[in-house]
Protein chains: 2
Amino acid sequence: MDVKALKTFQLIVKHGSFVRAADELNYAQSTVTMQIQKLEAELGTALLTRGKELGLTEAGRLLYEQSLPMLKNMEQLENNLKNLATGESGHVRIGVTEPTASYRLPAMLKAFLSENPGIRVSLEIASTAALADSVAAGRLDFAVCTSPGLQSELFFEPWFQEEFIALLPSDHPLAGREVITAGDLTADRLLITAAGCPYRRKLEMVLQETGNIQLDTMEIGSMTALKYYVESGLGIALVPRIMAERDGISRVEVRALSGTLIGMTSGVLGREAAYPFPPAAHKCLDYLKSRLAQPGKELQ
Amino acid sequence: MDVKALKTFQLIVKHGSFVRAADELNYAQSTVTMQIQKLEAELGTALLTRGKELGLTEAGRLLYEQSLPMLKNMEQLENNLKNLATGESGHVRIGVTEPTASYRLPAMLKAFLSENPGIRVSLEIASTAALADSVAAGRLDFAVCTSPGLQSELFFEPWFQEEFIALLPSDHPLAGREVITAGDLTADRLLITAAGCPYRRKLEMVLQETGNIQLDTMEIGSMTALKYYVESGLGIALVPRIMAERDGISRVEVRALSGTLIGMTSGVLGREAAYPFPPAAHKCLDYLKSRLAQPGKELQ
DNA sequence: TATTTAATTCATTATTGTTGAATTTGATAT
DNA sequence: ATATCAAATTCAACAATAATGAATTAAATA
């Protein structure tokens, strides 16, 4: 059954005339005759009665009624696909690491979604390593995270610097200092995050270079919990600056860090093979980039 | 969107391979490539990702999910139409007059419908004139009735003789007779049916010929009510023999009629223009004919 | 009977779908 | 690296079929 012929048939029935159907479809009227004859031959049944005026056979009635919703569905589907192709609609699957997930993304996504009502977004919040796997496997369109151990199929584009600061108890010996350096970290017990955190890996490397091979550390699973441990005087912690800014920090001193401790580069992780990028995902990525990327950082 | 291409697409996704889709559809594999390329060009979107292994883009997923039920619908519809064409299913619209409607048809239709579970039947029970109109207008496929004033578009094929008999009160002067003739009808008040009944018209003609121009008549709307009027001694009535046979007739005498009073020819009324006849209707007509038609009568 | 309108037929033309051979691509084995 | 293999693509040639206009038929109107 040819879709074109079905459309023609619909119009013939609607107008009760071959000529008018031909007019509307910009066909010669012989074409209309041919299409219907082919349809009738294919189905082995007359569809129209050509008497004094056009009439429908029972088969014609059935075809008319049943093909109408089918054609509508087809149009609808075609439309949905066009919307997908233009990025008007779509499903964007994003991966994000903390603290971007909690502190930066909510407002941005809210704005993006209200600007693009046809687009749905789903979020995976996990470690850079887990996100890299998901991106590589095609479960995510892209991820905002730090640079993973580069797999060949993935690309990473730096967007911004995630700055870290030190949290100290008010009565801590280092509280008098403006800036904390790597060397200072021998002075007290250091509170660190779980093994998955990329900043922790960096910290370990820095401390090794500085010669602080053995250090009194305590592992705390959650970044947000860290400040309460600091407050209790258990030690000092290094956390993203944005956390300290957004969550009211009280009874705890905030100090800047120096040198390589300052921060980590965050950016977007994508899959080379995913091109051409789904338009909705592309739109979303561009939106996030325009709000997250810091000039100069993308060359790093 | 071409249906063939959609089917091809479905198979590619199902098998995850162009070659296997081509095999199953008996296409060259280049054909499969072409069909998908055309589809993608038409929709302005990639549908499949050709990497290490075949994958679906978001548009591909959408198309795959949405086109599946559409193709199923199409097959179903095609099947329904085939059934219609073979007469396995269909809707037969029959007109019938009394007494056939009440006494002959129920058992026949029951058998016919259980032999043809796919066929639906609707019945219009009315006078020959009304049925002739419905047939001419295409509201009925055919009617079982007496011969109407022949309109050129209609054809009538005699099937059987509807025999009439006389009902008399037990104490009636004519009760001693074996057979009632037209001449006997002067003897008493005659109970007759409504103006629409063709037998009544015939009766009027016969009586005119016999010279009984004025006759004491009483018009009773319903045939089945007649016997109660006869029972009460209001007069004699002429009714179809089948009525007397099926409804237990008691306290009323049944007598045969002679000559032209004996009965009326019933048969099938159809529309010339309705050919080719809907197969289900044809099947039903054949079935009824085989049970109703009396040999010899069809030549009348 | 003439006239008009609608549908059909048929031969021609245009379009498109299909194909095989050659080529490219990616994966696997050597 | 290189050879090998399977899968997908490209391309030119071919086949199928869809569309058309002119002529014809059928029915409706004047």
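By convention in this document, chain letters (A, B, ...) are assigned in the order of the sequence lines, proteins followed by strands, and residues within each chain are numbered from 1. Computed from a prediction, not measured in an experiment: that's the story for all the values here.
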Of D/dG21, C/dA7, C/dA21, the nucleotide closest to the side chain of B/Ser30 is C/dA21
What is the distance, rounded to the nearest whole Å, between atom [atom1] of [X] and atom [atom2] of [N]?
{"X": "B/Met34", "N": "D/dA12", "atom1": "CE", "atom2": "C1'", "answer": "10 Å"}
{"X": "B/Lys7", "N": "C/dG17", "atom1": "NZ", "atom2": "P", "answer": "15 Å"}
{"X": "B/Tyr27", "N": "C/dT19", "atom1": "OH", "atom2": "P", "answer": "7 Å"}
{"X": "B/Arg20", "N": "D/dA8", "atom1": "CZ", "atom2": "C1'", "answer": "15 Å"}
{"X": "A/Leu25", "N": "D/dT20", "atom1": "CG", "atom2": "P", "answer": "10 Å"}
{"X": "A/Asp2", "N": "C/dG17", "atom1": "CG", "atom2": "P", "answer": "10 Å"}
{"X": "B/Leu48", "N": "D/dA7", "atom1": "CG", "atom2": "C1'", "answer": "14 Å"}
{"X": "B/Leu54", "N": "C/dG26", "atom1": "CG", "atom2": "C1'", "answer": "13 Å"}

- Query: Is it true that B/Glu124 and B/Arg139 have a side-chain N and a carboxylate O under 4.0 angstrom from each other?
  - Reply: no
Axis-to-axis angle across the helix from C/dT1-D/dA30 to C/dT30-D/dA1, five pairs each end, nearest 10 degrees, ~ 20°
Result for 5'-nearest mapping on DNA chain C, choosing between A/Lys4 and A/Val19, is A/Val19
Apply side chain to side chain donor-acceptor pair (under 3.5 Å) to residues B/Thr128 and B/Thr146 and explain how you reach the verdict.
CA-CA 6 Å; B/Thr128 289; B/Thr146 57; 2.9 Å; yes
Side-chain N or O of [X] closer than 4.0 Å to phosphate OP1/OP2 of [N]:
{"X": "B/Gln29", "N": "C/dG20", "value": "no"}
{"X": "B/Gln35", "N": "C/dG17", "value": "no"}
{"X": "A/Thr31", "N": "D/dA19", "value": "no"}

At what distance, to the nearest 0.5 angstrom, does [atom1] of [X] lie from [atom2] of [Y]?
{"X": "A/Lys4", "Y": "A/Leu25", "atom1": "NZ", "atom2": "CG", "result": "11.0 Å"}
{"X": "B/Glu162", "Y": "B/Thr100", "atom1": "CD", "atom2": "OG1", "result": "5.0 Å"}
{"X": "B/Leu288", "Y": "B/Ile94", "atom1": "CG", "atom2": "CD1", "result": "5.5 Å"}

Requested in this report: Return yes if some donor-acceptor pair links the side-chain N/O of A/Gln294 with the main-chain N/O of A/Gln161 below 3.5 Å, else return no.
Outcome: yes
>> Checking the side chain of B/Glu58 only, and the main-chain atoms of A/His91 only, is there a donor and an acceptor separated by less than 3.5 Å?
In response: yes
